Amino acid sequence: MEQIPWYSEAVLSGNGHLHRAGTLVQCVRKWVLLSEAERPAAQLKLTFDLDGRRRLDGDQIAELATRPGFEKA
């Protein structure tokens, strides 16, 4: 993935539930707190293109959560 704009707006939702609206880093932190059952169904909607995508699924969000810049953001 390219350089990640951690403070851009994003929305985390899943199974018809809004989990978090805020910055990308806030949404990824919320995803980390979701249960193991909720994580795969979660979807992250971005206001910018990240590797040509504006929506990320559970596996892609998991990859973001393991990025070195995530803990520092």
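The structure displayed is predicted, hence computed values, not measured ones.
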Handout entry: Main-chain N/O of D59 paired with D57 side-chain donor or acceptor, under 3.5 Å
Key = yes
Exercise for the section: Kindly determine whether H19 and L34 satisfy side chain to side chain contact (heavy atoms under 4.5 Å, CB included), including the steps that lead there. Expected result: CA-CA 9 Å; H19 294 291; L34 294 177; 3.5 Å; yes
Exercise for the section: Locate the shortest heavy-atom distance separating G58 from W31; write the atom from each residue and the value. Expected result: O-CZ2, 3.6 Å
Practice task
Would you indicate whether R55, at its atom CZ, is surrounded by more than 12 heavy atoms from other residues, nucleotides or ligands within a distance under 6.0 Å?
Solution key: no
Problem - Distance-minimising heavy-atom pair for T23 and Q26 - result: N-OE1, 2.8 Å
Practice task
Would you indicate whether the side-chain heavy atoms of D49 and R54 approach each other to under 4.5 Å?
Solution key: yes
Problem - Heavy-atom closest contact (L12 atom, C27 atom, distance) - result: CD2-O, 3.3 Å
Practice task
Please tell me if the side chains of L46 and L24 come closer than 4.5 Å, counting only heavy atoms from C-beta onward.
Solution key: yes
Exercise for the section: Could you pull out the closest heavy-atom pair between A65 and F70, with the gap in Å? Expected result: O-CD2, 3.3 Å
Problem - R39 (side chain) donor-acceptor with V32 (main chain) under 3.5 angstrom - result: yes
Problem - Beyond-backbone contact of V25 with Y7, side-chain heavy atoms, under 4.5 angstrom - result: yes
Exercise for the section: Drop me the distance from S13's OG to K45's NZ, to the nearest 0.5 angstrom. Expected result: 4.0 Å
Practice task
Verify the cluster assignment for I4 and L44: are they in a single hydrophobic cluster under the rule of side-chain heavy atoms below 4.5 Å apart?
Solution key: yes
Practice task
Report yes if the side chains of R29 and R20 come closer than 4.5 Å at any heavy-atom pair, otherwise no.
Solution key: no
Problem - W6 with V11, same ILVMFWY side-chain cluster at under 4.5 Å - result: no
Problem - N/O donor-acceptor pair under 3.5 Å between T47 side chain and E9 backbone - result: yes
